[in-house]
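Before any comments, here is the structure.
One is the number of the first residue; the rest follow in order along the sequence.
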Amino acid sequence: MAAALALAACSDEPTDATPSGAVRLFLAAMERSEHDPDARREAFELLARPTRRALAERAHTAGTIGGRDFHPWEMLVRGRYRQTFTPRRGGRGMEEAIDGDTATVTVTSDNGARTARVPLVWEEDGWRIVIEL
């Protein structure tokens, strides 16, 4: 994990080697999802295993009711996603608190008036976002 973190520090591009990088990648994928058919799958891959499993169960249920198969990432609704605020620019909008294999990223708005706390877990392939469904 230390090597992955060191590599991530060398690049301006966000990666899932850091909690804030995973959050940035997720937000960017969801922003693109209205026009990019692959973006929801990218966002889905940044979710923690239990969250992906819950979305897969919802996809199965939707398929049973709707009469067609759904992919789990289709449960992330394209075009319905909107950020409620824009994170502060320049890397100051996301603060990480890492405790072993868990982390919390606190996202702060441009004007500092709003915050959101995003829980994450470390999985073998990077930091993943936990969403309770």
Side-chain angles (χ1 to χ4, degrees):
M1 187 163 97
L5 291 173
L7 285 175
C10 296
S11 171
D12 289 338
E13 292 294 316
T15 73
D16 61 358
T18 66
S20 60
V23 172
R24 288 183 193 284
L25 289 171
F26 180 82
L27 293 174
M30 289 305 295
E31 281 294 319
R32 290 192 330 273
S33 70
E34 189 168 1
H35 306 290
D36 179 355
D38 296 324
R40 285 186 295 165
R41 185 175 189 155
E42 290 175 30
F44 177 81
E45 295 299 326
L46 290 163
L47 298 174
R49 264 189 231 100
T51 303
R52 292 192 312 262
R53 197 170 21 257
L55 289 172
E57 290 170 9
R58 287 180 181 209
H60 175 74
T61 300
T64 301
I65 294 169
R68 82 165 183 91
D69 289 337
F70 288 93
H71 295 288
W73 52 89
E74 290 180 285
M75 300 297 100
L76 298 172
V77 181
R78 178 181 62 227
R80 295 280 179 114
Y81 169 80
R82 295 287 180 256
Q83 285 181 224
T84 58
F85 64 86
T86 302
R88 186 176 288 161
R89 304 274 183 226
R92 298 174 303 142
M94 295 193 187
E95 285 188 30
E96 301 177 356
I98 300 172
D99 184 13
D101 288 346
T102 64
T104 302
V105 173
T106 302
V107 184
T108 305
S109 66
D110 272 334
N111 63 6
R114 300 188 67 186
T115 61
R117 294 174 52 90
V118 182
L120 296 97
V121 296
W122 176 260
E123 295 181 354
E124 62 275 352
D125 48 354
W127 286 100
R128 298 294 176 253
I129 297 168
V130 177
I131 300 175
E132 297 294 330
L133 299 174

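Cluster annotation: L55 and V130 are assigned to distinct hydrophobic clusters (Ile/Leu/Val/Met/Phe/Trp/Tyr, side-chain heavy-atom contacts under 4.5 Å, transitive).
Scanning both residues, E96 and S20, for their nearest heavy atoms gives OE2-OG, 2.6 Å. Residues F70 and A59 approach most closely at O-CB, 3.6 Å, considering heavy atoms. A pairwise comparison of heavy atoms in A39 and A29 identifies CB-O, 3.2 Å as the closest pair. Nearest heavy-atom pair, P19 versus A103, reported as atom, atom and distance to 0.1 Å: CG-CB, 3.7 Å.
Put simply, the side chain of M94 does not reach to within 4.5 Å of the side chain of T18, judged on heavy atoms. Side-chain contact between V118 and I129 is present, with heavy atoms from C-beta onward closer than 4.5 Å. Using a 4.5 Å heavy-atom cutoff, the side chains of F26 and L120 are not in contact. Side chains of V121 and P50 form no contact here, defined as non-hydrogen atoms less than 4.5 Å apart. Between T108 and T115, some side-chain heavy-atom pair lies under the 4.5 Å cut-off. Proximity of R41 to H71: side-chain heavy atoms (C-beta onward) are nowhere separated by under 4.5 Å. The shortest distance between side-chain heavy atoms of R128 and L47 does not fall below 4.5 Å.
Rounded to the nearest 0.5 Å, atoms CD (E31) and CG (D36) are 12.5 Å apart. Distance check: L46 CG to R52 CZ gives 9.0 Å after rounding to the nearest 0.5 Å. Residue M75 holds its CE atom at 9.0 Å from OG1 of T61, rounded to the nearest 0.5 Å. How far CG of D16 is from CH2 of W122: 7.0 Å, rounded to the nearest 0.5 Å.
Because its NZ or CZ atom is not both nearer than 6.0 Å to the ring centre of W73 and within 45° of the ring axis, R40 does not count as a cation-pi partner of that residue.
Within a 6.0 Å sphere centred on CZ of R117, heavy atoms belonging to other residues, nucleotides or ligands number 12 at most. Within 6.0 Å of atom CG in D110, more than 12 heavy atoms from other residues, nucleotides or ligands are found, so the atom counts as buried in its surroundings. No more than 12 heavy atoms of other residues, nucleotides or ligands shown are found within 6.0 angstrom of CG on D99.
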inquiry  = Does M30 form a side-chain contact (heavy atoms from CB on, under 4.5 Å) with L76? I'd like the steps, not just the answer.
reply    = CA-CA 9 Å; M30 289 305 295; L76 298 172; 4.3 Å; yes
